[in-house]
Amino acid sequence: MIYDRNERILELIKSDSKITSKNMAEKLGVSDRTVKRHIAAMSNVVNVTIKMYI
């Protein structure tokens, strides 16, 4: 499930590079904090910085 959510977050960012974490949370049915936590975890794992427009 975590992998699926990470994949979906990446898809949303690829389709709209200016999407907000709040908009992603609404599309995924999770909290804004959950989206931010997943992005932070992915950034730590792959050493990638993802700009978030809050």
>> Distance check, rounded to the nearest 0.5 Å: Leu10 atom CG versus Met42 atom CE?
In response: 4.5 Å
> Could you go step by step and tell me if Asp4 and Arg8 meet the side-chain contact (heavy atoms from CB on, under 4.5 Å) rule?
Replying inline: CA-CA 6 Å; Asp4 293 336; Arg8 185 70 181 120; over 6 Å; no
> Is it true that a side-chain atom of Asp32 and a backbone atom of Ala25 form a donor plus acceptor pair closer than 3.5 Å?
Replying inline: no
> From Met24 CE over to Lys36 NZ, what is the distance, rounded to the nearest 0.5 angstrom?
Replying inline: 9.5 Å
> Between Val35 and His38, is any pair of side-chain heavy atoms under 4.5 Å apart?
Replying inline: no
> Is there side-chain contact between Leu12 and Leu28, with at least one heavy-atom pair below 4.5 Å?
Replying inline: yes
